[in-house]
Protein chains: 2
Amino acid sequence: MSDTSCAACPLRAQGGFTQVSDAELAFIEKFRRRESTLGPGEAILREGESSSLLFTLRAGWAFRFRSLPDGRRQILNFLLPGDFIGLQAELSGQVPHGVEALTPVRLCVFPRDELWDLYRGFPGLAYDLTWLSAHEELIVDENLLGVGQRSAMERIAMLLVHLYKRARSVGEGDESGVNFPLNQQHIADALGLSLVHTNKSLRRLHAYGLHELSANRLRILKVEALQRLADYYALPLRARPLI
Amino acid sequence: MSDTSCAACPLRAQGGFTQVSDAELAFIEKFRRRESTLGPGEAILREGESSSLLFTLRAGWAFRFRSLPDGRRQILNFLLPGDFIGLQAELSGQVPHGVEALTPVRLCVFPRDELWDLYRGFPGLAYDLTWLSAHEELIVDENLLGVGQRSAMERIAMLLVHLYKRARSVGEGDESGVNFPLNQQHIADALGLSLVHTNKSLRRLHAYGLHELSANRLRILKVEALQRLADYYALPLRARPLI
DNA sequence: CGATCGCTTGATCGCTATCAAATCGTGTGG
DNA sequence: CCACACGATTTGATAGCGATCAAGCGATCG
């Protein structure tokens, strides 16, 4: 697949993202080295390794995770189109978490060592990067609140609503639902639950008739009810920067 | 108490922070509007409210939290001297979390609406802000990993080691221990445990003789053993930016 | 067609929550 | 100085949510 020009970026075209100036766009185009494609289950970043690369997820879903020596794994957050990957690395470039593709993904690849040019020449983009970082932290905060304080059912309801809204906000799916590439193990790892209990809770929640989840497709029938059940009221999603 | 000049900042003097140029220091000095002092339990930021202010915690401890409508509260992370407060607010300035002082705190206060001057004129400081944001996310990641995957005892051991190391890294305490202003309710809220269970686990952990915790003072006797118990191996703390 | 992976279900265990109450230290007012 | 209130800590008893163990089912794939 050949690389698309940033000016013709289908993601940027589809709205929900902030505007950039022509000069900024030109810089981004130059900053981006190439595009890259990976399949489901492939590693974008490996836990504990160094990477001199940064990415923007242009298409597809992925997730960020950390694990313990004995194999327990915690999914920290899910990455959807427009999300930026790799900021958390310390200067050394070593990332304490892994990032793995959930679906086929399309990545824009940037060289970390030219990040400085961005800060020096394009304060607007620099600001955007900080914003993206702070925004991702906000999502992790929300997960932590859920995992620390909510019951299993509440957590699941929250996750479904959360991902549904985010997917819709980047233009995926429609009234009939969105693609939903997580399996139950992913849900369990994201919510700090066992696989078995996740299955049982999911089943019990399904019996309420507030959502449909089948064949990789998620449909939310009663958003309000689900949100009430989870005590989860997401802030409205604003236009966000895209680099 | 009169304001200190940034050039004479006792925090910056004490090492562990990255260097800034004279020009940057001068900007920070101008950017900072005033200092402010709050007592334990006082709110630095109120959950859900808007704030046009940003802060650097110059002295004292605080914590960031979110709560659910029914009162359950999750502490997201603890703030120690040098930490920057308020980045997570969306452009509107609305913060989804609260920040509360644990000890008497001394804050440097910055006007959010001049943040743009920093990005335009001082790319190095802009970079630092992104770094601080990403670094805080890293800490929240770690908490999420713990709350999602670790047992009660492991979580407590982790928290003690984590806070001890951070406190030491900003120059607090000595071999004989550090001040430790959390009560058991704070620990419970940070780790997603009930107060009663926190107490019992703390007690059981204390019986192992790996630490001493009394009268607001924490002493770690066997760091290695505690870390092994928690499966927690913190990355070495690097020099960090201070704004 | 056997193998593998993800989903489902039942039985049992145990960690942690919840309920209840006692203890202790501290500050306050009589 | 004592009585009292209040917050933080501690302890015991009981309940329950979610983990763990074990097994079966269904679909996809080489």
Side-chain angles (χ1 to χ4, degrees), chain A residues 39-42 63 68 70-75 100 102-103 146-160 179-207 211-218 229-231, chain B residues 39-42 63 68 70-75 100 102-103 146-160 179-207 211-218 229-231:
Chain A
E42 287 194 86
F63 63 90
L68 292 172
D70 65 10
R72 288 175 282 181
R73 178 178 76 167
Q74 176 67 38
I75 292 183
E100 184 178 314
L102 269 172
T103 67
V147 172
Q149 304 298 329
R150 281 188 249 253
S151 73
M153 287 266 281
E154 291 173 329
R155 290 182 219 182
I156 292 177
M158 171 189 73
L159 183 67
L160 296 181
N179 283 325
F180 191 79
L182 323 202
N183 63 27
Q184 296 187 355
Q185 186 67 63
H186 291 123
I187 299 178
D189 287 349
L191 301 180
L193 298 170
S194 74
L195 176 60
V196 174
H197 196 62
T198 299
N199 176 280
K200 289 174 179 170
S201 304
L202 209 40
R203 205 116 267 289
R204 200 140 49 87
L205 183 61
H206 180 249
H211 76 283
E212 298 285 344
L213 182 51
S214 62
N216 285 341
R217 197 152 186 89
L218 167 66
L229 196 146
D231 249 333
Chain B
E42 287 194 87
F63 63 90
L68 292 172
D70 65 12
R72 288 174 282 181
R73 178 178 78 167
Q74 176 67 38
I75 292 183
E100 184 178 316
L102 269 173
T103 67
V147 173
Q149 304 298 329
R150 281 188 249 253
S151 72
M153 288 267 281
E154 291 173 328
R155 289 182 221 182
I156 292 177
M158 172 188 73
L159 183 67
L160 296 182
N179 282 326
F180 191 79
L182 324 202
N183 63 25
Q184 296 187 356
Q185 186 66 64
H186 291 123
I187 299 178
D189 287 348
L191 301 181
L193 299 170
S194 73
L195 176 60
V196 173
H197 195 62
T198 298
N199 176 278
K200 289 175 180 170
S201 304
L202 209 40
R203 205 115 267 290
R204 199 140 49 86
L205 183 61
H206 181 250
H211 76 283
E212 297 286 343
L213 182 50
S214 63
N216 286 341
R217 195 151 187 91
L218 168 66
L229 195 146
D231 248 334

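Protein chains get the first letters and strands the later ones, always in sequence-line order, with residue 1 at the start of each.
Of all heavy-atom pairs spanning A:Ala157 and A:Leu229, the tightest one is CB-CD2, 3.9 Å. Across A:Ile156 and A:Ser201, no two heavy atoms sit closer than the pair CD1-CB, 3.5 Å. In terms of heavy-atom proximity, B:Leu218 sits nearest to B:Leu160 at CD2-O, 3.8 Å. The two residues A:Met158 and A:Gly146 come nearest to each other via the heavy atoms CE-CA, 4.1 Å. Taking all atoms of both residues into account, the shortest heavy-atom contact from B:Gly148 to A:Val147 is CA-CG1, 3.7 Å. B:Leu102 and B:Pro40 make their closest contact through O-CB, 3.5 Å (heavy atoms, listed as atom of the first residue, atom of the second, distance).
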List, one per line, each side-chain donor-acceptor pair under 3.5 Å for residues 185-199 of chain A, sequence neighbours excluded.
from     : atom 1 : to       : atom 2 : distance (Å)
A:Gln185 : NE2    : A:Asp189 : OD1    : 3.1
A:His186 : ND1    : A:Asn183 : N      : 3.1
A:His186 : ND1    : A:Asn183 : OD1    : 3.0
A:Asp189 : OD2    : A:Arg73  : NE     : 2.8
A:Asp189 : OD2    : A:Arg73  : NH2    : 2.8
A:Ser194 : OG     : A:His197 : N      : 3.1
A:Thr198 : OG1    : A:Ser194 : O      : 2.7
A:Asn199 : ND2    : A:Gln184 : OE1    : 2.9

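Rounded to 10 degrees, the angle between the two end axes of the helix from C:dC1-D:dG30 to C:dG30-D:dC1 is 30°, with five pairs used at each end.
Side-chain contact between A:His206 and A:Glu212: present, with at least one pair of heavy atoms (C-beta onward) separated by less than 4.5 Å. When side chains are defined from C-beta on, B:Glu42 does not count as touching B:Glu100, because their heavy atoms never get closer than 4.5 Å. Side-chain contact check for A:Ile75 versus A:Phe63: some heavy-atom pair is nearer than 4.5 Å.
Distance CG/B:Leu159 to CG/B:Leu182: 6.5 Å, rounded to 0.5 Å.
Contacts between residues 188-200 of chain B and DNA chain D, defined by a heavy-atom separation below 4.0 Å, involve B:Val196, B:Asn199, B:Lys200, listed by number. If you check residues 147-158 of chain A against DNA chain C, you find no residue with a heavy atom closer than 4.0 Å.
Side chain of B:Arg150 to main chain of B:Arg155: no donor-acceptor pair is present (N/O by atom type, distance under 3.5 Å, no hydrogens or angles).
Residue B:Gln184 has a polar side-chain atom (N or O) positioned under 4.0 Å from OP1 or OP2 of D:dT10.
Nucleotide D:dG18 holds its P atom 13 Å from the CG atom of A:Leu205, rounded to whole Å. When rounded to the nearest whole Å, the span between CG of A:Asn183 and C1' of D:dA27 equals 15 Å.
Chain A approaches DNA chain C over the interval C:dG6 to C:dA11, counting the first and last nucleotide 5' to 3' with an atom under 4.0 Å from its heavy atoms.
Applying the salt bridge (charged side-chain N to carboxylate O under 4.0 Å, His left out) criterion to B:Arg72, with sequence neighbours excluded, gives A:Glu154, A:Asp231, B:Asp70.
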